[in-house]
Amino acid sequence: MTKNPTWISDWRPEDEAFWNATGKTIARRNLIWSIVAEHIGFSVWLIWSIVTTKLPLAGFHYTTDQLFQLVAVPGLIGALMRFPYTFAVTTFGGRNWTIFSAAILFIPTLSLAYFVSQPDTPFWLMLLIASTAGLGGGNFASSMTNISFFFPDRMKGWALGLNAAGGNIGVSSVQLLTPILMTLAVFNLFQATPVDGIFLQNAGLMWVLPIAIAVFGAVFFMNNLTTAKSSVKNQLAIVKRKHTWIMAYLYIGTFGSFIGYSAAFPLLIKTQFPTVTIAIAFLGPLVGSLSRPLGGWLADRIGGSIITFWNFIVMAGATIGVLYFVGQKDFIGFLSMFLILFVTTGIGNGSTYRMIPSIFREENLFKVRGKGDVARAAALKAAGIESGAAVGFIGAIGAVGGYLIPSGFGKSIAMTGGPQLALAIYLAFYGSCLALTWWFYLRRGPQGEGAPSLAEARV
């Protein structure tokens with residue numbers, strides 16, 4: 001295998017001898033450092049979910065709707081960042097882009113640390129500062145695209161699930177650690193006066209060392225793959241495929257729900273149950289992150305579309321439960337239903353992401369049926385490039401939920417005094433996701449001329 005310190009030119013994960021001899025070790029090493037960088041990216045992305053709950057105490061006079069906007073805007077920017085990040089891996093190399101995307105996280109962390117100690121900061125400027133946290137949201141797309149090239153198809157569900165879960169759990173990390181570390185003066189570089197014993201600037205400063213470690217790990221332990229090089233034009237072919245858009249819609253329902261609820265959960269608890277500590281909010285994204293590999297594992301064995309279908313049914317049921325208990329002002333019931341909802345977002349994340357490479361593989365193989373081994377090998381390579389691009393593209397659209405859900409809660413509370421209207425809309429959306437999953441991926445029968453039966457293929 002020809003290899004220099006950064007680029008690997010011979011990469012054949014589907015070749016079992018190659019995989020067992022050298023591929024497995026290299027792939028796992030890249031996966032580990034990909035998880036580290038992505039974990040920190042998610043943590044930075046969701047910093048404002050905790051910081052906003054403390055701003056009124058620190059002398060910032062923003063309305064409830066404005067606070068939800070500060071939570072929501074990093075979600076929108078993160079979603080937009082995922083589009084260029086998706087194509088960056090095949091343009092610059094996975095290792096190279098991980099170095100850059102980790103290093104750029106110094107911008108949102110240090111700017112947050114400074115401005116939260118300035119109570120006279122106007123809302124528009126604070127919104128701009130919050131938007132830079134969206135840079136952390138872009139990391140997911142490049143990380144998932146990169147890792148999809150390292151593993152054989154039979155292990156993609158597991159690898160992508162583990163990579164995503166390691167990143168997703170960064171949401172839980174930031175919501176668990178930030179309230180604790182904000183009480184310590186050791187990071188107080190800006191000499192700000194604590195409010196009620198809280199150093200708000202620590203929410204940004206606490207990530208400086210982890211970011212440096214992630215950059216170091218990417219520089220010395222990750223690789224670029226020449227086999228993952230592709231022009232943006234070739235990858236943009238996925239935009240013309242209907243399944244790219246269908247899966248993007250479903251992914252708003254799964255990942256969009258995960259990141260949206262994660263961002264909104266602390267502030268939702270604060271507004272609906274003022275006597276309850278927001279420290280408990282980390283439980284939601286924690287169970288959602290831990291259940292993601294389970295979704296990928298189940299999808300590998302049973303079929304992604306089957307798991308996704310039943311998952312949306314449970315999501316709808318849990319949403320009805322949240323609607324009921326928030327109306328009753330019953331926090332235990334509210335928390336229980338929300339935790340079930342978070343678990344289903346994780347399982348759905350894993351199962352939908354497992355469907356993507358399967359769909360592109362089946363479609364490409366269908367086109368070359370009966371044309372021989374050479375055509376089949378070319379089809380599999382094309383499927384790998386396309387599914388890598390699709391994974392990032394679909395992840396970008398799905399991340400829009402990180403804006404829509406917190407923003408929806410803010411508008412619902414401003415208009416009606418409660419989050420019920422927003423929850424009812426989300427429930428209707430899950431119903432549409434359920435219908436789409438059945439129609440395109442579980443319905444037996446003709447799928448159109450020149451199209452494979454994806455139900456029979458158990459994607």
Side-chain angles (χ1 to χ4, degrees), residues 3 5-14 19 23-42 78 81-105 135-153 155-168 170 214-232 234-235 238 255 292 296 349 353-354 356-357 360 381 383-396 398-399:
K3 177 180 179 291
T6 58
W7 286 92
I8 297 176
S9 57
D10 178 23
W11 190 252
R12 293 170 280 115
E14 301 294 345
W19 177 253
K24 181 164 53 178
T25 303
I26 294 168
R28 286 180 177 172
R29 188 182 70 239
N30 278 270
L31 175 61
I32 288 167
W33 284 101
S34 174
I35 289 172
V36 170
E38 193 193 338
H39 178 94
I40 296 165
F42 264 91
M81 285 293 100
R82 287 184 172 198
F83 289 104
Y85 274 52
T86 292
F87 305 114
V89 168
T90 52
T91 305
F92 302 105
R95 166 193 174 271
N96 295 348
W97 191 254
T98 303
I99 294 168
F100 171 78
S101 61
I104 204 172
L105 297 180
L135 292 169
N139 288 14
F140 178 84
S142 54
S143 179
M144 294 293 274
T145 300
N146 183 39
I147 291 304
S148 72
F149 289 112
F150 275 95
F151 286 83
D153 191 68
M155 296 179 68
K156 273 185 170 52
W158 171 83
L160 291 174
L162 206 59
N163 189 56
N168 291 173
V215 173
F216 176 88
V219 169
F220 291 101
F221 300 109
M222 291 188 74
N223 305 98
N224 301 304
L225 297 178
T226 56
T227 52
K229 294 286 280 182
S230 178
S231 70
V232 172
N234 287 347
Q235 295 174 82
I238 57 142
F255 179 76
R292 182 159 188 161
N349 284 342
Y353 247 61
R354 181 63 187 91
I356 297 165
F360 280 91
K381 183 177 180 182
I385 294 290
E386 289 178 3
S387 64
V391 154
F393 185 82
I394 291 167

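These values consider heavy atoms only, across backbone and side chains, with no hydrogens, waters or symmetry-generated copies. Each residue takes its place number in the sequence, starting with 1.
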field: For Ser387 against Pro357, the heavy-atom pair lying closest together
entry: CB-CA, 3.7 Å

- prompt: Is Thr91 reaching over with its side chain to a backbone N or O of Phe87, donor-acceptor style, under 3.5 angstrom?
  reply: yes

Side chain proximity check, Tyr85 to Phe140, heavy atoms < 4.5 angstrom: no

field: From Ile35 atom CD1 to Leu162 atom CG, the distance as rounded to the nearest 0.5 Å
entry: 4.5 Å

message: If I compare all heavy atoms of Ala214 with all of Ala102, which pair ends up nearest, and what's the gap?
response: CB-CB, 4.3 Å

query: Do Ile32 and Phe221 come within less than 4.5 Å of each other through their side chains, counting heavy atoms only?
result: no

query: Mind checking whether Ile356 and Leu160 have side chains closer than 4.5 Å, heavy atoms only?
result: no

message: Could you check whether any side-chain N or O of Asn349 sits under 3.5 Å from a backbone N or O of Phe255, counting only pairs where one atom can act as donor and the other as acceptor?
response: yes

- prompt: Out of curiosity, Ser143 OG to Arg82 CZ, how far, rounded to the nearest 0.5 Å?
  reply: 10.0 Å

field: From Met144 atom CE to Lys156 atom NZ, the distance as rounded to the nearest 0.5 Å
entry: 11.5 Å

- prompt: Side-chain donor-acceptor pair under 3.5 Å between Thr86 and Thr145, yes or no?
  reply: no

field: Least distance between heavy atoms, Gly94 atom then Asn146 atom
entry: CA-OD1, 3.5 Å

query: Can you name the closest pair of heavy atoms from Ala27 and Trp19 and give their distance?
result: CB-CH2, 3.6 Å

- prompt: Does the side chain of Ser142 come within less than 4.5 Å of Thr98's, by heavy atoms?
  reply: no

query: Can you say whether the rings of Phe92 and Trp97 are parallel (under 30°), tilted (30 to 60°) or perpendicular (over 60°)?
result: parallel

Intermediate values then yes/no, side chain to side chain contact (heavy atoms under 4.5 Å, CB included), Met222 and Ile99: CA-CA 9 Å; Met222 291 188 74; Ile99 294 168; over 6 Å; no

query: Can you tell if the side chain of Trp33 reaches within under 4.5 Å of the side chain of Arg95, non-hydrogen atoms only?
result: no

Minimum-distance pair of heavy atoms, taken over all atoms of Leu31 and Ala159: CD1-O, 3.9 Å

- request: Please answer whether the main-chain N or O of Asn224 pairs with a side-chain N or O of Asn96 as donor and acceptor at a distance below 3.5 Å.
  value: no

task: Look up atom CG in Leu135 and atom CD1 in Ile104, then write down how far apart they are to the nearest 0.5 Å.
output: 5.0 Å

task: Give, for atom OG1 of Thr226 and atom CZ of Phe149, the distance between the pair rounded to the nearest 0.5 Å.
output: 11.5 Å

query: Is there a side-chain contact between Phe150 and Leu225 (heavy atoms, below 4.5 Å)?
result: yes

statement: Value for CD1 (Ile394) from CD1 (Ile238), rounded to nearest 0.5 Å, stands at 6.5 Å

message: Under a 3.5 Å distance rule, please check whether Asn30 uses its side chain to pair with a backbone N or O of Ile26 as donor and acceptor.
response: yes

- line: Ser34 and Ile147 have their tightest heavy-atom pair at OG-CG1, 3.6 Å

